[in-house]
Amino acid sequence: MLKDFTYYVPVKLVFGEGALNQAGEQVSAYGKKALIVTTGNFFKETGLVDRLQNILKKDGVESLHFSEVDPNPLNTQIDAGAALAKKNGVDVVIGLGGGSAIDAAKAMAIALGHDRPIWDFCDGDDVQEVSDKTFPIIAISTTSGTGSEGTQWSVITNLEKRMKPGIGSDYTFAKVAIVDPELMVSLPPRITASTGFDVLAHAIEAYTSTLATPVTDMMCEKAIRLVGKYLRRAVKNGEDREARNGMAFANTMSGFSIAVGIVTVCHGLAHSIGGVAGTIHGETLAAMTPQTMRFSMKANPDKFKDIGMFLRDEYINIGQYQLEDSVEEVEDLISDIGLDNGLASQGVKEEHIEEIADGVINYMGGSIEIDPMDITKDDLIEIITQSM
Ligand code: NAD
């Protein structure tokens with residue numbers, strides 16, 4: 001029997017090499033003045049921002065560029081981008097980049113539409129609900145990645161509060177996701193590795209979460225198989241178009257999966273660690289995924305034992321030790337793509353451990369509620385300690 005489920009991911013996906021050329025046609029359906037959000041000026045320097053602006057112009061869309069966003073977008077940067085957009089009469093927000101640029105675009109669309117600081121929607125005594133006032137969002141992804149082009153989530157960092165919560169609602173899905181693998185060729189090996197590992201972590205977590213559905217299971221399985229086949233190749237040779245295509249598709253499949261299956265304890269920890277120690281998301285996930293798998297796998301063995309088989313792109317599960325085999329397959333991949341660094345080498349200190357565990361409980365509680373295993377604060381502390 002299939003379990004009952006609801007699957008809702010209202011994103012128009014435009015996928016393929018050269019898909020960026022369709023941006024004008026797609027964006028003009030939602031607005032006439034766009035804010036293009038990037039993390040820094042890399043894409044201005046490579047000419048990509050100018051190229052996008054010209055493509056938009058051909059379909060009558062004027063645009064301005066906002067680049068003052070950090071790789072982990074700050075609430076203050078979101079408010080600054082929204083203020084600029086308001087002053088210039090922007091009616092559609094485009095994230096051009098990885099998860100950080102796309103998340104920042106989503107958050108600016110919220111702040112702009114509701115005319116309030118973004119933190120009002122994240123934390124405090126009177127947390128605001130995100131409504132249909134949110135401006136239209138277009139996601140053009142250049143990493144694979146966070147899957148942000150396929151999710152309703154926007155992850156915002158507040159340095160003062162040392163928090164990195166994810167917010168989102170049915171109104172924060174991108175209207176259109178443009179996934180053009182050509183844009184990912186310029187990703188350096190280290191970022192290809194860390195963002196690629198994020199794809200795998202999403203797929204493992206959405207596949208094993210208590211919110212998994214038959215639809216997301218299908219997409220997670222495909223994503224894990226593609227990561228097993230292509231991530232090493234994309235890290236080794238960024239020009240490998242077949243590998244970039246495979247990883248781009250895996251990324252979007254993982255994104256659609258976490259929109260519904262959400263993420264479990266490993267991502268809960270990675271967000272809290274990011275808030276406390278400002279680590280690189282994908283590297284933090286790589287440090288913790290083996291330990292979180294070992295911790296949770298006995299509560300959902302049928303699913304966890306599939307992971308090794310998927311990573312090897314096989315269709316039969318042989319051998320007696322399939323659970324540990326799945327973890328070892330993940331560990332081999334981590335080592336092959338050069339991410340075998342513990343949390344300590346990423347700047348996490350012993351004195352951070354308790355604050356990290358509290359952060360998971362205080363604002364990433366959903367991730368432990370939907371983990372297949374019951375998880376206490378002591379368990380979180382043990383997982384972090386083992387991942388140091
Ligand atoms: P990123 O967006 O932070 O980008 C990392 C770096 O790579 C940046 O300096 C960026 O300018 C550069 N870059 C991006 N594309 C490039 C390209 N094609 N060539 C060269 N350089 C390029 O990285 P990310 O891993 O995609 O995003 C991480 C952020 O996404 C974190 O804040 C994380 O918390 C968040 N996140 C969001 C979701 C979601 O569902 N919204 C899910 C997971 C993570």
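When a ligand or atom number is given, it counts from 1 through the structure's own listing order. Just so it is clear, the structure is predicted and the values come from calculations on it, not from any experiment.
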**Item:** Verify atom 4 (O) of ligand 1: protein non-hydrogen atom under 4.0 angstrom away
**Value:** no
**Nitrogen or oxygen of Asn72 less than 3.5 angstrom from that of ligand 1** = yes
**Asked** Side chains of Val130 and Gln152: does their closest heavy-atom pair fall under 4.5 Å?
**Response** no
**Atom indices of ligand 1 within 4.0 angstrom of Ser186 heavy atoms, with elements** = 17 (C), 18 (N), 19 (N), 20 (C)
**Request:** Run down the list Thr192, Leu285, Leu96, Thr151 and name the one with the heavy atom closest to atom 40 (O) of ligand 1.
**Result:** Thr151
**Complete:** The protein heavy atom nearest to atom 18 (N) of ligand 1 is Leu183 O, 2.9 Å
**Message:** Against the six-membered ring of Tyr315, is Arg225 placed for a cation-pi contact (under 6.0 Å from the centre, within 45° of the normal)?
**Reply:** yes
**Prompt:** Under 4.0 Å from any heavy atom of Phe42, which atoms of ligand 1 are there?
**Reply:** 19 (N), 20 (C), 21 (N)
**Prompt:** Atoms of ligand 1 less than 4.0 Å from Thr143 heavy atoms?
**Reply:** 14 (C), 15 (N), 26 (O)
**Prompt:** Do any nitrogen or oxygen atoms of Lys164 come within less than 3.5 Å of a nitrogen or oxygen of ligand 1?
**Reply:** yes
**Request:** Give a yes or no answer on whether the side chain of Asn41 reaches the backbone of Lys44 with a donor-acceptor pair at less than 3.5 Å.
**Result:** no
**Prompt:** So, Gln77 side chain and Asp70 main chain: donor-acceptor pair closer than 3.5 Å or not?
**Reply:** yes
**Residue portion contacting ligand 1 (non-hydrogen atoms closer than 4.0 Å) for Leu187** = both
**Message:** Checking a contact table here: which protein heavy atom is nearest atom 9 (O) of ligand 1, and how many Å away?
**Reply:** Pro71 CG, 4.0 Å
**Prompt:** Short N/O distance, under 3.5 Å, between Gly99 and ligand 1?
**Reply:** yes
**atom 30 (O) of ligand 1 - nearest protein heavy atom and its distance** = Thr146 CG2, 3.3 Å
**Prompt:** Is there at least one pair of N or O atoms, one from Thr195 and one from ligand 1, spaced under 3.5 Å apart?
**Reply:** no
**Message:** Give me the nearest non-hydrogen protein atom to atom 37 (C) of ligand 1 as residue plus atom name, then the distance to 0.1 Å.
**Reply:** Asp103 OD2, 3.0 Å
**Inter-residue atom distance Arg241.CZ - Asn245.CG, 0.5 Å rounding** = 8.5 Å
**Prompt:** To the nearest 0.1 Å, how far is atom 29 (C) of ligand 1 from its closest protein heavy atom, and which atom is that?
**Reply:** Ser100 OG, 3.4 Å
**Prompt:** So how far is it from Asp379 CG to Thr292 OG1, rounded to the nearest 0.5 Å?
**Reply:** 12.5 Å
**Prompt:** Looking only at atom types and distance, does a side-chain atom of Ser154 sit under 3.5 Å from a main-chain N or O of Asp103, one as donor and one as acceptor?
**Reply:** yes
**Prompt:** Quick one: which ligand 1 atoms are inside 4.0 Å of a heavy atom on Gly98?
**Reply:** 2 (O), 26 (O)
**Message:** Tell me whether Phe43 has any N or O atom under 3.5 angstrom from an N or O of ligand 1.
**Reply:** no
**Asked** Below 6.0 angstrom between ring centroids: does that apply to Phe256 and Tyr7?
**Response** no
**Asked** Is the side chain of Asn88 donor-acceptor paired with the backbone N or O of Val90 at a distance under 3.5 Å, no angle test?
**Response** no
**Asked** Below 3.5 angstrom, do we get any N/O pair linking Trp153 and ligand 1?
**Response** yes
**Asked** In terms of the angle between their ring planes, are His202 and His281 parallel, tilted or perpendicular, with boundaries placed at 30° and 60°?
**Response** tilted
**Request:** Before signing off on this row, confirm whether Thr39 and ligand 1 have an N or O atom pair separated by under 3.5 Å.
**Result:** yes
**Fill in**
A student comparing Thr142, Ile280, Ile191, Asp198 should find that the heavy atom closest to atom 7 (O) of ligand 1 comes from Ile191
**Prompt:** Got an N/O contact under 3.5 Å between His202 and ligand 1?
**Reply:** no
**Message:** Could you check whether any side-chain N or O of Thr216 sits under 3.5 Å from a backbone N or O of Ser257, counting only pairs where one atom can act as donor and the other as acceptor?
**Reply:** no
**Prompt:** Under 6.0 Å between ring centres, would you say that holds for Phe121 and His114?
**Reply:** yes
**Message:** Does any part of the side chain of Gln26, heavy atoms only, come nearer than 4.5 Å to the side chain of Ile55, both counted from C-beta?
**Reply:** no
